[in-house]
*Asks:* 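I have a structure I would like to understand better, so I am pasting it below and will then ask my questions one at a time.
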Amino acid sequence: MSKPKGFEKPAGVRDYLPRAVTKLRKIENDVLHCMSRWGYRQMITPTLEYYDTVGVASSTSDQKLYKLLNNRGQALVLRSEMTAPVARVVSSLLKDEPLPLRLSYHANVFRAIEEEAGREAEFFQTGVELVGDDSPEADAEVVALAIASLEAAGVKSFKIAIGHVGFLDGLFQEAVSGLPQAQEELKSHLLGRDYVAFRETLRRLELPEAQKKELDGLLRLRGGKEICGQALELSSHPLARASIEHLCKVWEVLVAYGVSQHVLIDLTMIGDFSYYTGMTFEGYASELGFPVCSGGRYDNLLQQFGRPIPSTGFSLKTNRILDGVSGVTEEEELPVLVQYDALRRQEGLAEAARLRNEGHAVVTRLAAGPEELKVVKRLDTDTVEAEGERYGEIYTFVSFISEHG
């Protein structure tokens with residue numbers, strides 16, 4: 001293996017240059033401010049967690065985790081998502097706080113396999129967790145907040161697709177009864193959006209043709225509230241029907257929020273079927289072919305930390321918004337330049353301090369010699385021509401110039 005060059009970095013990670021950071025911080029701050037107005041309090045958890053706690057509880061598959069050992073031989077992981085760390089804190093440090101809890105975060109997370117196919121091994125998430133409420137109202141709240149957060153991030157055109165894990169569980173238990181491996185295979189194809197493989201698996205199953213046709217019809221269950229009625233006709237299984245009734249109630253709340261125009265029901269939506277227990281959703285920006293946010297209900301997670309309470313939440317893929325959404329613009333203020341010579345240094349630095357106190361970004365520069373002083377004088381008379389792209393204004397304090405640019 002060759003030694004990396006001095007300027008090289010590992011595959012899957014990136015450098016963010018100043019303009020990108022300005023844009024990223026604006027997205028982060030605007031979204032967190034939006035979340036705070038909905039009553040969500042920000043928290044920060046460690047980058048490193050124990051593998052046997054957060055690593056095992058995480059929705060991320062084991063082969064995607066970055067693992068390492070500390071100096072005592074204990075297995076650690078770099079956090080791969082934020083929901084499991086938040087669950088750990090809710091079950092310990094926040095165990096005495098009244099429910100429901102509304103928490104928000106912004107963090108970098110790490111997934112080892114994401115460096116394949118040009119994907120990133122380190123990326124950013126901004127999200128919320130609503131802990132201690134299992135109602136349709138809570139599910140609708142996080143969907144409505146996801147919509148508000150995408151708007152706060154500058155995403156102009158997007159759709160949120162919502163589904164329910166329970167509907168698919170009930171439907172497959174009824175239609176593919178006694179074939180658990182086939183059920184998992186069908187779910188896996190839906191998770192990967194591989195509808196060709198889904199139909200191929202259906203074709204191979206020894207089921208009545210009418211039943212196969214009904215299951216194939218699942219792929220067309222996308223739209224508004226009318227989809228709920230169509231789904232109830234597709235399955236009589238109690239779990240499937242209860243899940244659809246829950247989803248109908250979520251839709252009614254979203255109508256009351258005035259955001260249903262951003263939402264469609266997609267009953268092929270499954271999320272991570274080993275992790276989510278109820279409603280799931282994904283948000284797609286019109287300019288991108290992959291999700292910019294995802295979330296759902298995960299009522300079984302906190303019991304792994306000894307506190308069995310229901311939870312729901314979502315996260316924005318902040319760097320996807322940064323890279324791929326044209327509606328997001330950075331507002332970078334050019335700094336003010338205050339330049340001076342040695343005789344008027346104190347006066348120049350005092351002016352710089354005054355401008356900073358007023359909220360301006362200020363760069364200072366000492367004109368050290370006669371030749372540079374000539375340049376300074378020319379800058380003072382030809383400010384815009386000389387450095388207009390670098391500085392918003394130029395203030396000059398030298399012994400033979402009293403005015404400012």
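Just the heavy atoms: all of them, side chains too, but no hydrogens, waters or symmetry mates, feed the values below.
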*Asks:* Under 3.5 Å, is there a donor-acceptor pair between the Arg193 and Thr268 side chains?
*Replies:*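 Indeed, the side chains of Arg193 and Thr268 share at least one donor-acceptor pair under 3.5 Å.
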*Asks:* Mind running side-chain hydrogen bond (donor to acceptor under 3.5 Å, both in side chains) on Glu393 and Tyr391 for me, showing each step along the way?
*Replies:* CA-CA 6 Å; Glu393 287 187 272; Tyr391 304 111; over 6 Å; no
*Asks:* Less than 3.5 Å apart, which donor and acceptor atoms pair up between the side chains of residues 223-231 and the rest of the protein, not counting sequence neighbours?
*Replies:*
from	atom 1	to	atom 2	distance (Å)
Lys225	NZ	Glu252	OE2	3.3
Glu226	OE1	Gly224	N	3.4
Glu226	OE2	Gly224	N	2.9

*Asks:* Give the C-alpha distance, both sets of side-chain angles, the deciding distance and a yes or no for ring pair (Phe, Tyr, Trp, His ring centres under 6.0 Å) between Tyr105 and Tyr40.
*Replies:* CA-CA 9 Å; Tyr105 58 81; Tyr40 288 76; over 10 Å; no
*Asks:* Is any NZ, NE, NH1 or NH2 atom of the basic residue among Arg204 and Glu185 found under 4.0 Å from an Asp or Glu carboxylate oxygen of the other?
*Replies:* yes
*Asks:* Side-chain donor-acceptor pair under 3.5 Å between Arg14 and Asn319, yes or no?
*Replies:* no
*Asks:* Any non-hydrogen side-chain atom of Val263 less than 4.5 Å from a side-chain atom of Lys159?
*Replies:* no
*Asks:* Any chance CD of Glu137 has more than 12 other-residue heavy atoms, nucleotides or ligands included, within less than 6.0 Å?
*Replies:*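 Not more than 12 within 6.0 Å, no.
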*Asks:* Between OG1 of Thr364 and CG of Leu349, what distance do you get to the nearest 0.5 Å?
*Replies:*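 Going from the OG1 atom of Thr364 to the CG atom of Leu349 covers 6.0 Å.
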*Asks:* Where is the tightest heavy-atom contact between Ile270 and Val165, given as atom of each residue plus distance?
*Replies:*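 Reported closest heavy-atom pair: O-CG2, 3.5 Å.
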*Asks:* In the structure I gave you, are the side-chain heavy atoms of Pro136 and Leu247 within less than 4.5 Å of one another anywhere?
*Replies:*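 Not touching, per the 4.5 Å side-chain cut-off.
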*Asks:* Once rounded to the nearest 0.5 Å, what's the spacing between atom CG of Leu316 and atom CG of Leu322?
*Replies:* 13.0 Å
*Asks:* Output, in order, the C-alpha distance, side-chain angles, deciding distance and verdict of side-chain contact (heavy atoms from CB on, under 4.5 Å) for Ser311 and Leu130.
*Replies:* CA-CA 6 Å; Ser311 303; Leu130 174 50; over 6 Å; no
*Asks:* If you count the non-hydrogen atoms of other residues, nucleotides and ligands that lie under 6.0 Å from CD in Glu358, is the total more than 12?
*Replies:* yes
*Asks:* Between His189 and Tyr195 (judged by ring centroids, cut-off 6.0 Å), do the two rings come close enough to count as a pair?
*Replies:* no
*Asks:* Quick check against the 3.5 Å criterion: does Ser91 have a side-chain atom that pairs as donor or acceptor with the backbone of Arg88?
*Replies:* no
*Asks:* Look up atom NZ in Lys187 and atom CG in Leu171, then write down how far apart they are to the nearest 0.5 Å.
*Replies:*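 CG of Leu171 is found 10.0 Å from NZ of Lys187.
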*Asks:* Looking at every non-hydrogen atom in both residues, tell me the closest pair between His262 and Ile147 and how far apart they are.
*Replies:*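 Distance-wise, the nearest heavy atoms are CD2-CG2, 3.7 Å.
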*Asks:* Within the 4.5 Å heavy-atom criterion, are Pro85 and Val54 side-chain neighbours or not?
*Replies:*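 Yes. Closest side-chain heavy atoms under 4.5 Å.
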*Asks:* Got a salt bridge between Arg365 and Asp341, using NZ or NE/NH1/NH2 to carboxylate O under 4.0 Å?
*Replies:*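 A salt bridge is absent here (no side-chain N lies under 4.0 Å from a carboxylate O).
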*Asks:* Measure the shortest side-chain to side-chain distance between Tyr275 and Leu301 over non-hydrogen atoms and say whether it is less than 4.5 angstrom.
*Replies:*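 Yes. Closest side-chain heavy atoms under 4.5 Å.
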*Asks:* Just checking Ile44: does its CD1 atom have more than 12 heavy atoms from other residues, nucleotides or ligands closer to it than 6.0 angstrom?
*Replies:* no
*Asks:* Considering the options Glu141, Glu129, Glu97, which one meets the salt bridge (Lys or Arg N to Asp or Glu O under 4.0 Å) requirement together with Arg102?
*Replies:*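 With Arg102 as partner, Glu141, Glu129, Glu97 yield a single salt bridge (Lys or Arg N to Asp or Glu O under 4.0 Å), made by Glu141.
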*Asks:* Going through the distances and angles, do Thr45 and Val89 end up as a side-chain contact (heavy atoms from CB on, under 4.5 Å)?
*Replies:* CA-CA 8 Å; Thr45 66; Val89 174; 4.1 Å; yes
*Asks:* Mind checking whether Leu254 and Val143 have side chains closer than 4.5 Å, heavy atoms only?
*Replies:*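 Yes - at least one pair of side-chain heavy atoms lies under 4.5 Å apart.
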*Asks:* Hydrogens and angles aside, do Ser294 and Lys317 bring a side-chain donor and acceptor to less than 3.5 Å of each other?
*Replies:*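 Present: a donor and an acceptor within the cut-off.
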*Asks:* Between Ser235 and Glu174, which heavy-atom pair has the shortest distance, and what is it?
*Replies:* OG-OE1, 2.8 Å
*Asks:* Can we say Lys249 and Asp139 salt-bridge, meaning some charged N sits less than 4.0 Å from an Asp/Glu carboxylate O?
*Replies:* no
*Asks:* Is there a donor-acceptor pair closer than 3.5 Å between any side-chain N or O of Arg307 and the backbone N or O of Val90?
*Replies:* yes
*Asks:* Checking Tyr395 against Leu355 for the side-chain contact (heavy atoms from CB on, under 4.5 Å) test, could you report, in this order, the C-alpha distance in whole Å, the side-chain angles of both residues, the deciding distance, and whether it holds?
*Replies:* CA-CA 11 Å; Tyr395 287 73; Leu355 291 167; 4.1 Å; yes
*Asks:* Any chance you could lay out the side-chain contact (heavy atoms from CB on, under 4.5 Å) test for Arg222 and Ile265, step after step, and finish with the verdict?
*Replies:* CA-CA 5 Å; Arg222 294 192 192 90; Ile265 293 174; over 6 Å; no
*Asks:* Mark yes or no for whether Ser104, through its side chain, and Met35, through its backbone, hold a donor-acceptor pair below 3.5 Å.
*Replies:*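 Judged by distance alone, no pair lies under 3.5 Å.
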*Asks:* Can you check side-chain hydrogen bond (donor to acceptor under 3.5 Å, both in side chains) on Gln125 and His106, steps first, answer last?
*Replies:* CA-CA 6 Å; Gln125 290 184 338; His106 175 81; over 6 Å; no
*Asks:* Does any donor atom in the side chain of Ser36 or Gln42 lie under 3.5 Å from an acceptor atom in the other side chain?
*Replies:* no
*Asks:* Salt bridge between Arg111 and Glu81, side-chain N to carboxylate O under 4.0 Å?
*Replies:*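 So Arg111 does not pair with Glu81 through a salt bridge.
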*Asks:* Output the distance between atom CG (Leu343) and atom CD (Glu347), rounded to the nearest 0.5 Å.
*Replies:* 11.0 Å
*Asks:* Between Ala152 and Asp30, what is the shortest heavy-atom contact and its length?
*Replies:*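 Heavy-atom minimum between the residues: O-CB, 3.6 Å.
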*Asks:* Report yes if the side chains of Val109 and Phe124 come closer than 4.5 Å at any heavy-atom pair, otherwise no.
*Replies:*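 Side chain of Val109 against side chain of Phe124, heavy atoms only: no contact under 4.5 Å found.
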*Asks:* Decide yes or no for Thr60 and Val77: does some side-chain heavy atom of the first lie under 4.5 Å from some side-chain heavy atom of the second?
*Replies:* no
*Asks:* Atom CG of Leu24 and atom OG1 of Thr126: how far apart are they, to the nearest 0.5 Å?
*Replies:*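 Leu24 CG to Thr126 OG1: 7.5 Å, rounded to 0.5 Å.
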*Asks:* Any chance you could measure Lys156, atom NZ, to Ser286, atom OG, to the nearest 0.5 Å?
*Replies:* 11.5 Å
*Asks:* Looking only at side-chain N and O atoms, does Arg356 offer a donor or acceptor that is under 3.5 Å from a partner on His360?
*Replies:* no
*Asks:* Where do Leu207 and Lys212 come nearest, in terms of heavy atoms and distance?
*Replies:*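 Shortest heavy-atom separation between Leu207 and Lys212 comes out as O-CE, 3.5 Å.
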*Asks:* Tell me whether the count of non-hydrogen atoms from other residues, nucleotides or ligands lying under 6.0 Å of NZ in Lys213 goes above 12.
*Replies:*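 Counting neighbours around NZ of Lys213, 12 or fewer heavy atoms of other residues, nucleotides or ligands fall under 6.0 Å, so no.
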*Asks:* Any luck finding a side-chain donor-acceptor pair between Tyr51 and Asp62 under 3.5 Å?
*Replies:* yes
*Asks:* If every non-hydrogen atom of Ala146 is compared with every non-hydrogen atom of Phe281, which pair is closest and at what distance?
*Replies:*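 Taking every non-hydrogen atom into account, CB-CE1, 3.9 Å.
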*Asks:* Would you say Leu78 and Thr47 make side-chain contact, with heavy atoms under 4.5 Å?
*Replies:*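 Result yes, sub-4.5 Å side-chain heavy-atom pair found.
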